[in-house]
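To start, the structure itself, in structure tokens.
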2 protein chains.
Amino acid sequence: MKPTIYDVARAAGVSTATVSKVINGTGRISDKTRKRVTEIMEELRYQPSMVAAALTRRSTSTVGLMLPDLANPYFAEIARAVEDRGHEFGFSLLICSTDNDPSKEEKYLSLMVQKCVDGIMIATSTGQDGLLRELAEQRMPIVAISRELPSLPVDTVMVDDFMGGYMAGKHLVGLGHRRIGIIAEKLGASSSPERIRGCRQAMAEAGIEADDSLIAEASYTVDGGRKAAARLLGGGEPPTALFACNDVLAIGALQAAFERGLQVPEQLSVVGFDNTMLATITAPPLTTVSQPIQDIGRRAFDALLQEIRGEKRTKQRLVLLPELVVRRSTAPVAGGL
Amino acid sequence: MKPTIYDVARAAGVSTATVSKVINGTGRISDKTRKRVTEIMEELRYQPSMVAAALTRRSTSTVGLMLPDLANPYFAEIARAVEDRGHEFGFSLLICSTDNDPSKEEKYLSLMVQKCVDGIMIATSTGQDGLLRELAEQRMPIVAISRELPSLPVDTVMVDDFMGGYMAGKHLVGLGHRRIGIIAEKLGASSSPERIRGCRQAMAEAGIEADDSLIAEASYTVDGGRKAAARLLGGGEPPTALFACNDVLAIGALQAAFERGLQVPEQLSVVGFDNTMLATITAPPLTTVSQPIQDIGRRAFDALLQEIRGEKRTKQRLVLLPELVVRRSTAPVAGGL
DNA sequence: TGCCTAAGGTTAACCGCTTACCCTTTAACA
DNA sequence: TGTTAAAGGGTAAGCGGTTAACCTTAGGCA
């Protein structure tokens with residue numbers, strides 16, 4: 001049987017209170033006693049039970065992380081960043097993949113409450129009513145990552161999607177493109193609309209009229225991107241450049257181009273978004289708008305931690321700047337400027 | 001304040017024991033009482049605390065998952081598979097990325113013990129002494145995923161690495177290749193050696209002599225693979241085919257080929273291993289040995305669950321068969337057979 | 001010498017559930 | 001009518017820690 005604090009106390013000839021104080025470095029304990037207790041703990045290979053401690057402390061040192069799919073590289077990278085930052089402060093993670101399924105969201109949210117997480121990070125577009133709203137109103141620490149939960153009193157850490165879209169658009173316009181297709185995620189609550197708006201702003205500044213026939217919706221998969229791109233490229237007057245609202249979709253676009261025998265970037269430029277590791281391994285490597293994923297994960301955790309510790313009075317909204325990473329999937333429009 | 005079981009009991013005019021029985025469906029409770037208690041719980045929005053329950057039940061319904069890096073697609077996919085299977089049975093996951101750093105491994109192992117996980121899944125090559133051995137000997141449920149822990153009494157779920165290597169080798173040999181370079185992970189305890197052995201077996205059967213100058217070690221990154229491939233391709237009599245011990249390394253090989261101006265597959269064939277999503281997005285798409293990742297995750301969890309429930313007497317070693325997925329990165333050797 | 005205080009511990013209640021065991025009521029049955 | 005037993009629920013002792021409050025001792029100081 002695993003030794004308990006009682007075993008340690010008995011062996012050391014002290015009370016459990018003393019042992020507890022030694023473990024936590026609280027209270028006043030003489031060096032002599034501290035040393036003896038420490039030795040006994042070592043000897044018994046004692047590991048304090050965090051679940052018992054959690055019960056009295058009313059804190060589990062665990063935070064929940066809800067995301068659409070852990071197998072998606074973007075979210076896996078986010079999760080890793082949060083994990084690392086959390087561990088630095090002694091927190092561990094309860095990760096749940098929702099597949100953007102509202103019923104799973106609700107179920108996992110409830111799980112997190114039952115497991116008594118100290119706070120929740122949400123990287124999934126989610127219903128803003130039901131349990132989540134209830135929790136937010138009860139002041140459960142919550143931070144939204146990369147997606148907004150506009151009607152809820154929670155912290156938000158995200159990238160400037162509009163600016164990112166603008167950068168992508170500007171880049172393409174600068175290369176002389178005037179027919180620019182856009183591939184967007186389906187989800188209403190996703191970040192695509194802002195990215196699109198940004199891209200169109202850049203186009204508008206160059207005097208290019210918005211053309212809704214140049215926007216295609218896709219499901220959040222490579223294949224979704226491929227099909228959407230195929231639709232755009234198969235149209236009457238096909239675009240010379242494609243802006244995909246994330247790297248996964250951009251990869252689909254690359255594939256669609258390949259299938260039509262279009263050279264990238266000579267005959268078609270492609271820009272992605274996120275700058276996941278995927279962008280570095282495509283051929284050609286993908287020009288993309290880079291999200292500071294490490295930073296997002298870290299800041300999001302830090303914000304949550306402040307909430308947990310009650311160090312904050314007001315909800316904050318942190319918007320980080322994206323950066324354009326030019327690789328080899330974009331080039332001046334065919335035929336020159 | 002969150003309502004407790006006492007609040008529910010009081011409001012329903014019953015004892016906490018009764019409420020507990022209603023929650024867990026144990027004991028004998030009349031329909032009338034059950035209904036009343038259920039209604040009160042709903043009304044109070046009561047969520048039972050799993051941490052309190054864990055303390056008395058001595059079970060947290062949580063399993064630990066140790067892997068090298070959650071941001072690595074292969075492990076992210078494993079994690080996702082385990083997560084899904086776990087949730088089916090009411091278990092959640094405590095994920096820790098070790099970066100193959102022995103000190104982190106030890107630290108996270110200790111964390112898992114303190115958090116009282118019901119079992120541990122290890123997908124990281126790890127020191128087999130220290131805490132892990134101790135736990136294994138104390139019959140803590142443990143299963144090794146994809147890597148063996150030979151000297152420890154634990155269950156193992158893995159793919160037949162030898163066979164996978166053999167399939168890759170056979171495929172290349174069948175295409176007429178005779179100079180086949182191999183890119184291996186560095187780590188001693190990794191699965192590379194078996195994969196290499198399999199590949200060489202296939203070569204030997206074709207009458208090709210082993211040539212150690214055709215093996216290059218790489219760190220587990222795209223860049224590592226790129227450098228290793230560059231070394232092999234830069235040699236005196238360069239190989240016409242490359243077998244990389246995983247997809248990440250294979251992608252590096254693809255890049256190295258591109259840099260040298262070698263056409264894949266016309267001038268160089270490349271085979272990977274794992275069949276992660278990466279293999280589908282490279283250009284050309286990667287021929288690779290497929291691991292049944294879903295299956296591995298699922299089986300591994302099932303084995304662990306059996307251990308946890310004490311339904312098993314003997315340790316088992318489950319070896320799944322890989323499958324060769326031929327895409328477009330391999331072709332008959334230049335110059336024909 | 002007497003009083004005060006700091007140092008170093010101890011006591012015991014409590015955290016929110018679970019569960020072995022016990023008690024009461026009622027119906028069945030001989 | 002008395003006996004049993006099943007049904008339905010209550011009692012209370014933990015689970016392994018934490019912590020407020022309290023106790024004891026000894027040194028400092030007037």
Side-chain angles (χ1 to χ4, degrees), chain A residues 1-41 44-62 90 110-118, chain B residues 1-41 44-62 90 110-118:
Chain A
M1 219 47 207
K2 268 176 69 171
T4 72
I5 200 171
Y6 293 98
D7 301 320
V8 175
R10 193 174 325 115
V14 298
S15 71
T16 60
T18 303
V19 179
S20 176
K21 285 171 189 164
V22 170
I23 295 171
N24 299 298
T26 55
R28 291 170 307 214
I29 303 291
S30 69
D31 285 353
K32 203 168 113 238
T33 306
R34 181 190 318 286
K35 185 152 172 295
R36 184 150 42 87
V37 171
T38 309
E39 281 169 6
I40 299 279
M41 291 197 298
L44 261 40
R45 320 242 56 196
Y46 169 69
Q47 306 258 38
S49 157
M50 296 188 74
V51 1
L55 191 54
T56 52
R57 273 199 206 123
R58 317 166 127 44
S59 152
T60 50
S61 293
T62 300
S110 160
L111 175 69
M112 289 178 183
V113 172
Q114 298 188 194
K115 289 242 172 187
C116 305
V117 298
D118 295 341
Chain B
M1 217 49 206
K2 268 176 70 171
T4 73
I5 200 172
Y6 292 100
D7 301 321
V8 176
R10 193 173 325 114
V14 297
S15 72
T16 61
T18 302
V19 178
S20 174
K21 285 170 190 165
V22 170
I23 296 170
N24 299 297
T26 56
R28 291 169 308 213
I29 304 291
S30 68
D31 285 354
K32 203 169 114 235
T33 306
R34 182 191 317 287
K35 184 150 172 298
R36 185 150 40 88
V37 171
T38 308
E39 281 168 8
I40 299 279
M41 291 197 297
L44 262 42
R45 320 241 60 195
Y46 168 70
Q47 306 259 37
S49 156
M50 296 189 74
V51 2
L55 191 54
T56 54
R57 273 199 206 125
R58 326 170 118 42
S59 153
T60 50
S61 294
T62 300
S110 159
L111 175 68
M112 289 178 183
V113 173
Q114 297 188 195
K115 290 243 171 184
C116 303
V117 298
D118 295 341

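All figures in this text were calculated on a predicted structure; none of them were measured in a lab.
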Q: Mark yes or no for whether A:Thr38, through its side chain, and A:Arg34, through its backbone, hold a donor-acceptor pair below 3.5 Å.
A: yes
Q | d(CZ, B:Arg34; C1', D:dG8) in whole Å | A | 11 Å
Q) Checking side-chain contact (heavy atoms from CB on, under 4.5 Å) for the pair A:Met50/A:Thr62: CA distance, chi angles, key distance, verdict? A) CA-CA 11 Å; A:Met50 296 188 74; A:Thr62 300; over 6 Å; no
Q. Is the distance from OP1 or OP2 of C:dT18 to the nearest side-chain N or O of B:Tyr6 less than 4.0 Å?
A. no
Q | Derivation of the side-chain contact (heavy atoms from CB on, under 4.5 Å) call for B:Ile23 and B:Met41 | A | CA-CA 9 Å; B:Ile23 296 170; B:Met41 291 197 297; 3.9 Å; yes
Q. With a non-hydrogen cut-off below 4.0 angstrom, is B:Ala17 in contact with a base, only sugar-phosphate, or nothing?
A. base
Q: Compare the minimum distances between each of C:dT10, C:dG9, C:dC17 and the side chain of A:Ser30, then state the nucleotide with the smallest one.
A: C:dG9
(Q) With a 4.5 Å cut-off on side-chain heavy atoms, are A:Lys21 and A:Thr33 touching? (A) no
Q. Counting any heavy atom closer than 4.0 Å, what does B:Arg28 reach on the DNA or RNA strands: base, sugar-phosphate only, or nothing?
A. base
**Q.** Whole angstrom value for the distance that separates P of D:dG16 from CG of A:Asn24
**A.** 17 Å
Q. Roughly, in whole Å, what's the span from CG in B:Leu55 to P in D:dG17?
A. 9 Å
Q. Quick one: is B:Thr18 getting a side-chain N or O under 4.0 Å of the D:dG10 phosphate, OP1 or OP2?
A. yes
Q) Between B:Lys21 (NZ) and D:dA12 (C1'), how many Å, whole number? A) 12 Å
Q) Within the structure shown, what part of the strands sits under 4.0 Å from A:Thr33 by heavy-atom distance: base, sugar-phosphate, or nothing? A) sugar-phosphate
Q: Take atom CE of A:Met41 and atom P of D:dG17, then tell me their distance rounded to the nearest Å.
A: 11 Å
Q: Determine: side-chain N/O of A:Arg58 to OP1/OP2 of C:dG16, distance under 4.0 Å, yes or no.
A: yes
Q) Closest nucleotide of DNA chain D for B:Ala52 versus for B:Arg36: which of these residues is on the 5' side? A) B:Arg36
**Q.** Closest nucleotide among C:dT18, D:dG9, D:dG17 to the B:Thr16 side chain
**A.** C:dT18
Q | Proximal nucleotide (of D:dG14, D:dG17, D:dG9) relative to the B:Thr56 side chain | A | D:dG14
Q: Measure from the side-chain N and O atoms of A:Lys2 to the backbone N and O of A:Ser49, and report whether any donor-acceptor pair falls under 3.5 Å.
A: no
Q. Any side-chain N or O of A:Ser20 less than 4.0 Å from the OP1 or OP2 oxygen of D:dT18?
A. yes
Q. Could you give the NZ-to-P distance, from A:Lys32 to C:dG8, as a whole number of Å?
A. 11 Å
Q. Contact class for B:Val14 (heavy atom, under 4.0 Å): base, sugar-phosphate, or nothing?
A. sugar-phosphate
Q: Respond yes when some side-chain nitrogen or oxygen of B:Ser49 is under 4.0 Å from OP1 or OP2 of C:dG16, and no when none is.
A: no
Q. Looking at side-chain heavy atoms only, is the closest gap between B:Asn24 and B:Ser20 below 4.5 Å?
A. yes
Q. Roughly, in whole Å, what's the span from CD1 in A:Ile5 to P in D:dC15?
A. 14 Å
(Q) So B:Ser15, base contact, sugar-phosphate only, or nothing? Heavy-atom distance under 4.0 Å. (A) base
Q. For the pair made of CZ in B:Arg10 and P in D:dG10, what is the distance, rounded to whole Å?
A. 14 Å
